[in-house]
Amino acid sequence: MARVRLANAARHMNEHSTWDVGVDIGGTFTDVVCRALDGRLHLAKIPTTRADPSRGVLHAIEHMRRAWNIEPRQIARFVHGTTVATNAVLERKGAKIGLITTQGFKDTLELGRQSRRAVYSVMLKPETPGFLAPGALRREVPERMAASGAVLVPLDEEAVRQAGRSLLAADVHAIAVVFLFSYLNPAHELRARELLLALRPDLMISLSCEVDPAFREYERTCITAFDAYLKPVIDRYLERMERDLAAHAVPAPLQIMQSRGGVACAQVARRRPVRLFLSGPAAGVIGASRVGREAGALDIISIDIGGTSADIALVHGGRPIIASEGTLDGYAVRVPMVDVNAIGAGGGSIAWLDAGGSLRVGPHSAGAEPGPACYARGGGQPTVTDASVVLGYIDPAYFAGGAVRLDPARARAAIERSIAQPLGMSVEQAALGIHRVVNANMAEGIRLVSVKRGIDPRGFALVPLGGAGPVHATALARDLGIRSIVVPRHPGVLSADGLLCAPVEHEAAKAYHRRLDEVDAPALAAQFEELDARCAALMAIEGVASAAVAVHYFADLCYVGQSYHLEVPVVLAAGVPQAIERDFYALHDRIYGHSTPGRVQFVNLRAVHQAAARELPAGFEAAAGQGAASKGVRAILTEATGGFVAARIHEREHLQPGSAIEGPAVIEQMDTTTVVDPGWRAQVHASGHIVMTWGETP
């Protein structure tokens, strides 16, 4: 009778609770995190439906209702991380678009920067995104702005109409408009939009003065064309998702993670689809930053190892590094984004032998369908997950908390057939070789964001996340000389958790070509007021009160005549020009190793408005008892030992704060497995995260 009363009380409390929900759709799994204000937490990993990723959101809602008794009407906040924008480019599944440019500039998209990454390749391949708008879908119109923003040639409005008619006759779904120097004077682009909408009111149009108001013609043309290429795709995706949420009576508005690490409502995300590149990986970095702060580590390197890829980022002083531009599939993407280095290495990465008989791993992945051979879903190629099973790291009966049962015999057979027999070695040696190769690939990816930028990774803590992150963490740290690892409470779903702690954020920028010594504080403040107004309008759409918004200003600066700029924070005060100059010299010295007092100029100004997400409890409760923490012993094979050793197996949810574990050991939980190599010591931090250290910490 007492149990019935407790169950009824819990059900009554659940029915009157509100929940914040984060859903991150990855290539293999859709991760779901539900948090309540009273600290309760629910987690799930659901296989991604690759044919229609948006179905993962519906599956998540159905799972919440069935498994946790959470009704859709109880959802107060719904935040989503998506790979749709990135995949549309990688798979060439964007919209058919047209491009209208200033007369004489229609081939800018094709010409690019006339540089090649593969300098010595005799087989030339296009390195500019001409596929966005082939020559037959590009039009020129007479108009011209001067470098000062003055009108040299008035806009030929009839030419714009003719260009629009011919592109619509070619059945384009969106049009990008890129006029010379429009970032200084947008009048012609704005008028061109009016003329095109008069031809078809529902036509989707991207203007370079709104997408990327900055100099460098190729980069501005490129990102504006990408914006038009994505707009119909993102619009359909978000419309379908909003319709599905409404059909399930979810009252919360749909919010989407942006590439810079903040979230925006679907209405705003539709306007700026290029801001959705790296949506999912950005959420993981935000989550890792929070984990580092809670564990007392402000300088971290996060590595998110999923089924398909490993996303690597560096966090300094508790803040992710934001890049002003990046690349996607080798193409210039000038949009602010969390600086993430993504490589094709994950649990589903396929192991294979090249023509010379050398072992390779990735970048191709078995994904979730059919998945690794051990999934027994039709996949027959050996993967990193298959190797983890053979090496004893993963318990086949406890994968994903027992929700997915693995077949170790299929894993062994796949590795033996494709790797061990051709190389004349045992299955165990082949499995260890697969791990060594994929770990080397990931270690090199970490060096790209640290050593190759003059940063010593040994001064950072490693934060592994994703379903496979903690499996590889100690091996990676040993290779890089890192002596501290912070394993989050729930690494496998940290990207979804990061969605819930990300702020609502909007950014506005403008070109500002002035010498630093020509600008005073009032003039600079007037420029930022314009940017503030644009950000405030977006925040108003979000329904965020101005009192809840924190405002940050930045300026891109360089020496006069220098080709590349550096971003410097700006605090508006009486001596602001002098402070900016001082900070620029210091940053230039740190990045390039030298700085010399000289003529400095502004390139761009940027305002960032942030509204912090509502504070939610961490969701960590100490285990009621310690008796069930140890689950026995299993033999594992590690790089450190070269042979099988007996490893103590632990259940993470039963570990108490302060509990210490000496390697070799394996810590199991629903969303991941943590391997503690010999020589490493793991201790449960008061926050619930596990801090692992190598030997005696310095």
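We count residues from 1, following the sequence as given.
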Is any side-chain heavy atom of [Y] closer than 4.5 Å to one of [X]?
X: Thr30; Y: Val23; value: yes
X: Val151; Y: Met145; value: yes
X: Ser208; Y: Phe179; value: no
X: Pro569; Y: Phe554; value: yes
X: Gln578; Y: Arg582; value: no
X: Val570; Y: Phe528; value: yes
X: Asp227; Y: Val274; value: yes
X: Asp339; Y: Leu314; value: no

Using a strict 4.0 Å threshold on nitrogen-to-oxygen distance, state whether [X] and [Y] make a salt bridge.
X: Glu210; Y: Arg193; result: yes
X: Asp171; Y: Lys96; result: no
X: Arg191; Y: Glu194; result: yes

So that I know where these two stand, are Tyr559 and Phe584 an aromatic pair - ring centroids less than 6.0 Å apart?
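Here the rings of Phe584 and Tyr559 have centres that are less than 6.0 Å from each other.
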Sequence neighbours left out, what pairs pass ring-ring contact (aromatic ring centres under 6.0 Å, His included) with at least one residue falling in residues 205-232?
Phe131-Tyr229, Phe215-His513
Between the main-chain N or O of [Y] and the side-chain N or O of [X], is there a donor-acceptor pair closer than 3.5 Å?
X: Tyr512; Y: Asp556; answer: no
X: Ser259; Y: Met337; answer: no
X: Thr102; Y: Leu180; answer: yes
X: Arg77; Y: Leu500; answer: yes
X: Ser279; Y: Leu276; answer: no
X: Lys231; Y: Ile205; answer: yes

Just how far is it from atom [atom1] of [X] to atom [atom2] of [Y], taken to the nearest 0.5 Å?
X: Arg216; Y: Arg334; atom1: CZ; atom2: CZ; result: 7.5 Å
X: Leu167; Y: His173; atom1: CG; atom2: NE2; result: 12.5 Å
X: Leu531; Y: His506; atom1: CG; atom2: NE2; result: 14.5 Å
X: Phe277; Y: Leu328; atom1: CZ; atom2: CG; result: 5.0 Å

Indicate whether any N or O donor in one side chain lies under 3.5 Å from an N or O acceptor in the other, for His588 and Gln562.
yes
Any chance the side chains of Glu189 and Ser182 put a donor and an acceptor closer than 3.5 Å?
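A pair is found: one side chain offers a donor N or O, the other an acceptor, under 3.5 Å apart.
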Can you list every pair that meets salt bridge (Lys or Arg N to Asp or Glu O under 4.0 Å) and has a residue in residues 135-149, with sequence neighbours left out?
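For residues 135-149, and leaving out neighbouring residues, the salt bridge (Lys or Arg N to Asp or Glu O under 4.0 Å) pairs sorted by first residue read Asp107-Arg138, Glu110-Arg138.
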Summary of salt bridge (Lys or Arg N to Asp or Glu O under 4.0 Å) pairs that have at least one residue in residues 254-281, sequence neighbours excluded
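Qualifying pairs: Asp235-Arg270, Glu242-Arg270, Arg260-Glu505, Arg275-Glu507.
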Does Glu127 form a salt bridge (Lys or Arg N to Asp or Glu O under 4.0 Å) with Arg113? I'd like the steps, not just the answer.
CA-CA 9 Å; Glu127 296 191 5; Arg113 287 289 168 200; over 6 Å; no
Could you check whether atom NE2 of His552 has more than 12 heavy atoms from other residues, nucleotides or ligands sitting under 6.0 Å from it?
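Count over threshold, so yes.
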May I ask you to check whether over 12 heavy atoms, not counting those of Arg240, lie within 6.0 Å of atom CZ?
yes
Show, in sequence, the C-alpha distance, side-chain angles and deciding distance for Ser495 and Asp304, and conclude whether the side-chain hydrogen bond (donor to acceptor under 3.5 Å, both in side chains) test is met.
CA-CA 9 Å; Ser495 289; Asp304 183 353; 3.2 Å; yes
Compute both the distance and the angle, then confirm whether Arg220 meets the cation-pi test with Phe181: under 6.0 Å from the six-membered ring centre, within 45 degrees of the axis.
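That pair does not qualify as a cation-pi contact.
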For a quick test of reading the model, state the closest non-hydrogen atom pair linking Ser302 to Val285 and the distance between them.
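Residues Ser302 and Val285, closest heavy atoms: OG-CG2, 4.0 Å.
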Check Ile234 against Pro273 and note the closest heavy-atom contact, atom names and distance.
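Distance-wise, the nearest heavy atoms are CG1-CB, 3.7 Å.
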